[in-house]
Colleague: 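So that we are looking at the same thing, I have put the structure below in structure tokens.
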Amino acid sequence: MIDYGRPVVEVARELLGCVVRHGETAGRIVETEAYHHSEPACHAHVGLTPRTRVLFGPPGRAYVYRSYGIHALLNAVAEPEGVGAAVLIRALEPLEGIETMRARRGRTATRDLCSGPGKLTEALGIGLDLDDTPLGDPIEILPRDAPAPPVAVAGGRIGITKAVDLDWRFCVAGSPWLSRPAG
DNA sequence: CATGGGATTGACT
DNA sequence: GTCAATCCCATGC
């Protein structure tokens with residue numbers, strides 16, 4: 001099992017190489033970012049509100065929220081209960097159910113099915129209804145069955161305006177499935 | 001109650 | 001490279 005109750009940066013590294021499954025679709029995590037309530041880029045920075053309740057809840061649950069009014073983004077809640085922190089899943093290598101993914105996303109190159117946080121949720125059929133559900137059912141995150149892949153610390157996180165200097169984006173080195181090339 | 005911003009994507013120039 | 005789409009919710013009056 002994966003221990004989500006550890007420091008969020010450790011969990012972000014640990015998740016690289018693990019497999020996410022939802023129904024018939026599955027993919028290997030190749031890119032993550034860490035968010036912690038102590039820094040202003042994290043939603044939990046504002047404190048405990050209805051929106052951030054899940055982030056402060058027990059680790060190992062899904063935090064799914066709507067971005068730019070359009071996309072659903074998938075996070076894994078980390079750190080002990082009471083600490084607002086989560087790992088954003090930013091990109092996957094498609095493994096199973098690729099035709100289902102293609103059907104959900106439209107005629108799309110395999111390379112573009114899961115190469116972004118909004119893309120992979122659409123490909124796996126993950127929506128806001130899965131917010132605050134345990135990682136295990138219906139979304140599964142399986143521990144690695146192989147040694148940890150080489151990790152590239154890709155520098156700053158993407159698409160944010162605050163705490164841009166934190167090097168909290170992690171990629172599988174050399175993976176062709178990233179949302180953006182590693183730093 | 002009104003307002004503004006955001007962890008993005010895809011279409012278009 | 002630029003830009004619109006679109007909605008939840010925190011904040012402020």
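Reminder, nothing fancy here: chain letters follow the sequence lines and each chain counts from 1.
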Colleague: Map Y68(A) and P50(A) onto DNA chain C by nearest heavy atom, then report which one ends up closer to the 5' terminus.
Modeller: Y68(A)

Colleague: Determine: side-chain N/O of S67(A) to OP1/OP2 of dT9(B), distance under 4.0 Å, yes or no.
Modeller: no

Colleague: Sticking with atom C1', work out how far dG10(B) lies from dC8(C), rounded to a whole angstrom.
Modeller: 22 Å

Colleague: Given L73(A) and L88(A), is the side-chain contact (heavy atoms from CB on, under 4.5 Å) satisfied, shown in steps?
Modeller: CA-CA 8 Å; L73(A) 270 57; L88(A) 170 67; 4.1 Å; yes

Colleague: Provide, to the nearest angstrom, the distance between the CD1 atom belonging to I160(A) and the P atom belonging to dA7(B).
Modeller: 7 Å

Colleague: Atom CZ of R66(A) to atom C1' of dG5(B): distance rounded to whole Å?
Modeller: 16 Å

Colleague: Scan nucleotides 1-4 of chain B against the protein and return all N/O pairs shorter than 3.5 Å with their distances rounded to 0.1 Å.
Modeller:
none

Colleague: Heavy atoms within less than 4.0 Å of DNA chain B: which residues of residues 111-136 of chain A have one? Give them sorted by number.
Modeller: G116(A), P117(A), G118(A), K119(A)

Colleague: Using Watson-Crick and G-U wobble pairs with both distances under 3.5 Å, what is the 5'-to-3' dot-bracket string of DNA chain B, with [ ] for crossing pairs and | for pairs outside the strand?
Modeller: ||||||.|||||.

Colleague: Of all of residues 6-33 of chain A, which get a heavy atom below 4.0 angstrom from DNA chain B, listed by number?
Modeller: none

Colleague: Scan residues 71-84 of chain A against DNA chain B and write down, sorted by residue number, each residue with any heavy atom closer than 4.0 Å; if none is found, say none.
Modeller: H71(A), L73(A), N75(A)

Colleague: Can you give the first and last nucleotides of DNA chain C, 5' to 3', that have an atom under 4.0 Å from a heavy atom of chain A?
Modeller: dA5(C) to dT11(C)

Colleague: Testing the basics here: between P58(A) and V77(A), what is the closest heavy-atom pair and its distance to 0.1 Å?
Modeller: O-CG1, 3.6 Å

